[in-house]
Structure formats: structure tokens, C-alpha cells
Amino acid sequence: MSDRPLRLRFAPSPTGFFHVGGARTALYNWAIALRLGGTFVLRIEDTDEARNQPEWTQGIIDALAWIGIHADDDHFEGPYFQSSYADQHVAAAQRLFEAGVAYYCDLSGDEVQARAKASGTPGYDGYSRDRGLEPGPGRVLRFRVPEGTTVVHDLVRGEVSFENANIEDFVLLRGNGSPMFLLANVVDDITMQISHVVRAEEHLPNTPKQQMLWQALGAEPPVWAHVPVLVNEQRKKLSKRRDKVAVEQYRGEGYLSDALVNYLMTLGWAPGGDTEIVPWSSIVGEFRLEDVNHSPAFFDLKKLAAFNGEYIRALALDEFIETCAPFVLASDVPWNAEQFNPVVFSAIAPLVQTRIARLDEVAPMVDFLFLADAPIDEAAFAKTMAGPNSTALLTEVIDAFESAEWDHDSLKETLEAIGDGFQLKLGKAQAPVRVAVTGRTVGPPLFESLVLLGRDETLRRLRAALGHVRTAPE
RNA sequence: GGCCCCAUCGUCUAGUGGCCUAGGACACUACCCUCUCAAGGUAGCGGCACGGGUUCGAAUCCCGUUGGGGCUGCCA
């Protein structure tokens with residue numbers, strides 16, 4: 001294979017957001033670079049000038065940093081911008097033309113198609129191979145695919161061979177002289193002395209073409225590794241149109257980067273032993289391209305959420321509180337900033353921590369502590385208060401709470417005793433109180449919540465609920 | 001259509017010829033715990049796509065079938 005220094009690269013094109021599939025590919029590259037002491041090169045493939053915006057590049061860098069791939073790490077190099085190497089791409093094309101391994105063709109795309117249709121064989125038919133055309137406006141430069149077989153040595157798939165007869169003379173330079181992806185990508189990889197190309201399987205069909213280019217340009221091809229694509233429930237490649245693929249979105253919904261990273265690594269690969277939840281350090285120690293699976297992997301949101309829940313629960317309490325900050329101080333939170341009380345939040349936090357799988361579930365779970373009134377869920381309220389005993393029970397609770405000691409145990413004993421009078425177990429007796437005070441039938445443990453809310457506010461909400469029952473339409 | 005890749009529980013996977021009566025995780029179900037909901041604990045459900053070989057022995061090797069996927073642009 002290759003005894004060159006280990007240099008890997010991740011070469012996204014800036015499209016406005018960072019794809020989870022790209023994140024996994026980046027992570028695979030990164031893990032190898034760290035384990036084997038190689039270099040991870042970031043190259044932004046920004047040749048599609050029409051859709052290229054500087055802030056998108058920053059988005060990629062930020063997203064990479066979020067998943068632990070930091071630009072200031074010793075193993076990180078770049079970012080490089082493909083657009084700044086355009087001269088080299090064209091120069092390489094020129095050399096190929098002069099060496100006779102590439103030739104110009106003046107057929108338009110439509111004409112190529114028409115000929116293919118007429119002959120019944122798909123693809124370009126080599127019409128201009130021997131016409132000796134010179135460069136000119138509108139003429140594309142095509143690679144003269146030689147006869148024979150191209151064998152690709154792939155770390156995850158073994159040897160894959162392609163009959164060159166099935167590979168058409170592909171375009172290197174467009175009619176306007178600009179380089180195509182296949183060429184630019186190879187020239188940059190050669191320039192940057194890339195030793196291992198690790199990318200998604202969708203590029204496998206490009207590989208024989210690119211390998212021929214490496215050779216035609218006088219370079220020894222890299223080690224290839226094509227990892228399986230990520231698919232949706234329909235088993236189709238994850239796409240930005242149909243699927244939720246933006247890393248930024250997962251971050252915004254309160255997925256922890258450690259959880260996402262861990263989950264992504266297990267799509268196509270598994271750490272040794274019986275646990276999949278493992279720290280990044282052991283992933284780096286164990287990850288091998290040779291162990292990567294061969295078949296597409298379903299990106300399962302439920303499992304990601306399960307991983308996330310595990311990671312959330314594993315946080316120390318102060319870490320958890322800190323991690324919640326962006327989600328309780330955000331502008332889209334249901335309360336006003338001045339209503340938020342960090343002391344109260346810290347007190348309820350441990351009870352929230354075991355009840356969520358995503359950080360964006362925090363605010364709706366604790367909002368009743370900061371809002372002026374209970375955020376009543378009318379359906380839940382109506383259902384809970386429908387029982388004949390509910391209002392009577394609430395009335396007794398108000399009475400008792402006026403004089404009860406305001407602590408967890410006293411409140412619990414008080415409600416238990418009242419429940420007994422109605423032949424209700426605590427599980428049933430707490431329901432009307434919970435709905436009255438928190439607005440919902442589910443939430444953090446009730447008595448802790450009441451203690452935090454305080455006697456006055458609790459009583460006020462209980463009375464308000466009684467009023468609400470009387471005025472509610474049947 | 002052509003080229004290429006792939007095939008273990010619903011899903012992600014362990015498994016590299018005997019340790020497999022196929023292991024784990026998510027999901028699902030039941031029970032325990034319990035002030036709701038979670039978390040936690042216990043148990044359960046569930047799979048080697050099919051057909052031929054090779055071998056004393058196959059989830060593991062070979063061939064075929066079927067099924068899925070990727071690519072098939074003067075996109076990347």
C-alpha cells in the first residue's frame with residue numbers, strides 16, 4: 001500500500017449546514033488520525049461558486065469543533081479552499097492533454113445524449129477521441145480511459161474491480177475551462193499528499209476514474225476506504241430534502257455532542273465488549289477501518305435519544321445545570337427572563353435530569369415554576385377534574401395547606417391523609433393538585449415542586465383551579 | 001437498463017469453520033420499585049433472506065436466486 005506519512009482529509013462542500021453523514025465521515029477520519037498519529041486535513045470544496053458563502057465555511061468549522069474536531073489541534077490542518085487551487089487544476093489538465101491522455105471534444109451535452117440514444121449504449125461514445133481537436137470555447141476536455149481493468153484496493157471492501165470498457169471518457173474541464181470535481185479533487189489530494197481517502201460509499205463508482213487520474217498524473221494512488229452510507233427508514237440515503245440531517249439542528253434540540261459522536265461512531269462499527277456507550281478515548285484506541293461494516297446503516301432517532309438520555313444522566317449535577325443554561329435562558333423559552341430563578345432551577349434540576357432525553361424538554365417541564373400562572377392544559381385539566389371528588393378534595397387540600405408545615409414530608413402526609421378520606425391512594429389524590437398547580441398531569445415530583453413554589457403561590461393556584469372548574473363549560 | 005456494493009432479531013451490531021441451544025444495545029411487552037412521569041432492577045419477545053455446494057462440522061468459505069442500496073451530469 002503506502003508508507004507515506006498518514007494524511008487523511010475531509011472535503012465537504014459548503015452547502016449551508018453540516019450533514020450528520022458528513023459528521024460521521026469526519027469522525028472516522030479523525031479517529032484514525034488520532035489513533036495512528038496522522039494528520040486530518042480540512043479542505044472546503046467551494047468550486048461551485050454559485051452557492052458558496054463564507055459564513056457556511058465558518059459553520060462547518062464550528063460544527064466540527066462541536067463534535068470535538070478542533071482546528072487548533074496538532075492533528076488538524078487547514079482549512080484549505082479548493083477554489084484557491086484552480087490554477088493547479090487547470091495546469092494538471094493541460095499536462096494530461098499534452099501527454100495525450102486527455103482530448104478535447106466539441107459535442108454539447110444534448111448531442112452526447114442524442115448519440116447515446118441513437119446507438120443504444122449509454123454514456124459518451126468517444127466521438128472525439130481521435131479528432132485531434134485543439135482547446136477552444138465550448139470544448140470540454142475528456143480523459144482518455146485506457147483499455148483494461150482497474151482494481152481498487154479498499155480497506156473496508158477489499159478489492160473491487162471495474163472493467164474500463166464500462167467507464168466513459170469523463171469530463172475533466174468544462175466548456176468554460178473550469179475544472180470538474182473528479183479532477184480538482186484528485187489534484188488537491190496529490191498536492192496535499194493525502195495517503196488515505198476515507199469517504200462515503202456513494203463515491204465508490206468515482207474511484208476507478210480517480211485512481212486512473214492519480215496514475216496519469218504520475219502519483220501513487222492513496223489507500224481507499226468507502227464507508228457505508230446512512231439511510232432513513234425507507235432505506236434511502238439520508239438527504240437534506242427528506243430527512244433531518246443538520247448537525248446544527250440536533251445541537252439546537254439539546255443533543256449532547258458526546259452522545260451524537262458516540263452514536264454516529266456505532267453506525268457501521270461497534271466497540272469491543274457488550275457496551276456501546278463508550279468514551280471517545282476508547283473509540284480512538286479501538287477504531288479500525290477494517291472493522292467497519294459493509295452495509296448501509298439506519299440513522300435511528302430513538303436510539304440516538306436513548307444515548308442522549310444516558311449521557312445526560314451521566315452528567316454531574318453542576319455540569320447538567322450548566323449544560324441546561326442555553327435552554328432555560330434562550331429567547332424562545334415560555335417565561336420572561338426576569339421570571340427565571342436560577343436557585344429554584346438548581347433545586348429542581350436533579351429531578352429533571354432523569355426525566356429527559358433532550359435538553360429542549362427542560363423548559364416545558366419546569367415552566368410552571370417561573371410562569372405567573374399554571375400553564376393549564378385544558379384537556380388534561382378537564383379530565384382530571386371530572387371526578388366527583390376532585391373539587392371536594394381540592395377544597396380540603398386548600399384548608400390543610402394553609403396551616404401545614406411547608407416541607408416535603410408534611411405536604412405528602414397531609415395529602416395522603418386527605419386522600420384516605422376519599423378512599424384514594426396518593427397516586428390518585430395527587431392528580432388534581434398536580435394539574436391545578438403545574439397545569440399538567442405529568443411532571444417533576446409534586447411535593448418538591450410545591451416546596452419550591454411556596455405556600456402563597458400554591459394556594460393561589462389551587463383556588464384559581466377551583467374557580468376554573470366552576471366557570472369551565474361542560 | 002448498465003456498472004458497482006451489500007445481506008445476522010423491527011433497528012444498530014458481536015460473530016472471521018467447532019466456544020452459537022447465535023451475544024449485546026435501542027425499541028417493544030410484563031413484573032418490581034413508585035405521589036404522576038421518568039430513572040433503576042428483573043424477565044420476556046425476536047434473527048443467521050432462500051437454494052445448492054465445499055467440509056467430519058458453516059451464520060462464518062464458494063456458486064446461484066431473491067431482495068435492498070449506490071452511481072449512471074459540462075453537481076460535488
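Naming convention: chains lettered A, B, ... in sequence-line order (proteins, then strands); numbering from 1 in each chain. Only a predicted model underlies this, so the values are computations on that prediction, with no experimental measurement involved.
A straight line from NZ of A:Lys209 to P of B:U72 spans 8 Å, rounded to a whole angstrom. Computed from coordinates, the A:His294 NE2 to B:U13 P distance equals 11 Å when rounded to whole Å. To the nearest angstrom, C1' of B:C12 lies 12 Å from CZ of A:Arg24. Between A:Leu230 atom CG and B:U13 atom C1' the separation is 14 Å, expressed in whole Å. Per the geometry, CD belonging to A:Gln113 stands 19 Å off P belonging to B:G1, to the nearest Å. Put simply, CD on A:Glu111 is 13 Å from P on B:C74, counting in whole angstrom units. Taking atom CG on A:Asp169 and atom P on B:C74, their separation rounds to 12 Å, with Å as the unit. Atom NE2 of A:His203 is separated from atom C1' of B:A76 by 7 Å (rounded to the nearest Å).
Using the Watson-Crick or G-U wobble rule with both distances under 3.5 Å, B:C3 pairs with B:G70. The partner of B:C31 is B:G41, by the rule that a Watson-Crick or G-U pair needs both atom distances under 3.5 Å. B:C50 is paired with B:G64 under the criterion used here, namely a Watson-Crick or G-U wobble arrangement in which both key atom distances are under 3.5 Å. Pairing of B:C19, defined by two Watson-Crick or G-U wobble distances under 3.5 Å, is not identified with any nucleotide.
Nucleic acid contact class of A:Met365 (heavy atoms, under 4.0 Å, all strands): none. Base engagement by A:Leu107 is indicated by at least one non-hydrogen atom pair under 4.0 Å involving a base atom. As judged by a 4.0 angstrom heavy-atom cut-off over every strand, A:His226 is placed among residues making no nucleic acid contact. Note on A:Tyr263: nothing from the nucleic acid sits closer than 4.0 angstrom, heavy atoms only. Among the atoms of the strands shown, none is found under 4.0 Å from any heavy atom of A:Gly419. A:Pro296 comes within contact range of the sugar-phosphate backbone alone, with a heavy-atom separation under 4.0 Å but no base atom that close. Within 4.0 Å (heavy atoms only), A:His408 reaches at least one base atom of the nucleic acid. A:Val160 comes within contact range of the sugar-phosphate backbone alone, with a heavy-atom separation under 4.0 Å but no base atom that close. If you check every strand for non-hydrogen atoms under 4.0 Å, A:Ala431 touches nothing. When heavy atoms are screened at a 4.0 angstrom cut-off, A:Lys236 is found touching the sugar-phosphate backbone but no base atom. Contacts of A:Pro444 with the nucleic acid, taken as non-hydrogen atoms under 4.0 Å apart, include base atoms. When heavy atoms are screened at a 4.0 angstrom cut-off, A:Gly109 is found touching base atoms of the nucleic acid.
With C1' as the reference atom, B:A59 and B:U42 are 30 Å apart, rounded to whole Å. With P as the reference atom, B:G44 and B:A22 are 13 Å apart, rounded to whole Å. Taking atom P on both B:G51 and B:C9, the two are 16 Å apart, rounded to the nearest angstrom. Taking atom C1' in both B:A49 and B:G67, one finds a spacing of 8 Å when rounded to whole Å. Taking atom C1' on both B:U60 and B:U16, the two are 6 Å apart, rounded to the nearest angstrom. With C1' as the reference atom, B:C50 and B:G18 are 25 Å apart, rounded to whole Å. Using atom P as the reference point in both B:U34 and B:U29, the two lie 22 Å apart (nearest Å). Nucleotides B:U72 and B:U11 have their C1' atoms positioned 30 Å apart, rounded to a whole Å.
A salt bridge between A:Arg355 and A:Glu361 is absent, with no side-chain N of the basic residue lying under 4.0 Å from a carboxylate O of the acidic one. The pair A:Asp300-A:Lys302 does not meet the salt-bridge criterion, since no charged nitrogen lies less than 4.0 angstrom from a carboxylate oxygen. Salt-bridge annotation for A:Lys244 and A:Glu253: present, with a side-chain N of the basic residue lying under 4.0 Å from a carboxylate O of the acidic one. Salt bridge A:Arg144/A:Asp169: absent, no basic N to carboxylate O contact under 4.0 Å. In this structure, A:Asp188 does not pair ionically with A:Arg9, as no charged nitrogen and carboxylate oxygen lie closer than 4.0 Å. A salt bridge does not link A:Asp373 to A:Arg461: none of the charged nitrogens lies less than 4.0 Å from a carboxylate oxygen.
Applying the 4.0 Å criterion to OP1 and OP2 of B:C12, one finds that A:Arg235 has a side-chain N or O inside that range. Contact annotation: A:Lys425 side-chain N/O to B:C35 OP1/OP2 distance is not under 4.0 Å. Regarding contacts with the backbone of B:G40, a side-chain N or O of A:Arg313 is found under 4.0 angstrom from either OP1 or OP2. Contact between the side-chain N/O atoms of A:Asn293 and the OP1/OP2 oxygens of B:A14 is found at a separation under 4.0 Å. The phosphate of B:A38 (OP1 or OP2) has no side-chain N or O of A:Arg358 nearer than 4.0 angstrom. Between B:C71 and A:Lys237, a contact under 4.0 Å exists linking OP1 or OP2 to a side-chain N or O.
Picking from B:G70, B:A76, B:C3 the nucleotide with the shortest atom distance to the side chain of A:Glu202 gives B:G70. The side chain of A:Ala270 approaches B:A14 more closely than any other nucleotide in the set B:C71, B:A14, B:U36. Of the listed nucleotides (B:C35, B:A27, B:G24), B:G24 has the atom at the smallest distance from the side chain of A:Asp274. When the nucleotides B:C74, B:C12, B:A38 are ranked by their closest atom to the side chain of A:Val140, B:C74 comes out on top. Closest to the side chain of A:Ser295, out of B:A7, B:C26, B:C74, is B:A7. If you check B:C74, B:U13, B:G70 against the side chain of A:Val171, the one that comes closest is B:C74. Closest to the side chain of A:Leu446, from the set B:C35, B:A76, B:A7, is B:C35.
A residue-by-residue look at A:Arg174 and A:Ser161 shows that A:Ser161 has its nearest nucleotide of RNA chain B further toward the 5' end. Between A:Trp269 and A:Lys412, it is A:Trp269 whose nearest contact on RNA chain B lies nearer the 5' terminus.
For A:Lys303 against B:A27, a side-chain-to-base donor-acceptor contact under 3.5 Å is absent. With hydrogens and angles left out, the side chain of A:Glu448 and the base of B:C35 share a donor-acceptor pair within 3.5 Å. In the interface, the side chain of A:Arg157 is not paired with the base of B:C5 through any donor and acceptor atom under 3.5 Å apart.
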**Request:** Starting from the C-alpha separation in whole Å, work towards a yes-or-no answer on ring-ring contact (aromatic ring centres under 6.0 Å, His included) for A:Phe299 and A:Tyr263.
**Result:** CA-CA 9 Å; A:Phe299 187 81; A:Tyr263 176 65; 5.6 Å; yes
**Request:** Might you work through the salt bridge (Lys or Arg N to Asp or Glu O under 4.0 Å) test for A:Asp125 and A:Arg115, ending with a clear yes or no?
**Result:** CA-CA 8 Å; A:Asp125 62 359; A:Arg115 292 181 64 84; 2.9 Å; yes
**Request:** Show your reasoning for whether ring-ring contact (aromatic ring centres under 6.0 Å, His included) applies to A:Phe287 and A:Tyr28.
**Result:** CA-CA 8 Å; A:Phe287 182 74; A:Tyr28 277 6; 4.7 Å; yes
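The side-chain heavy atoms of A:Val152 and A:Glu159, taken from C-beta on, include no pair separated by under 4.5 Å.
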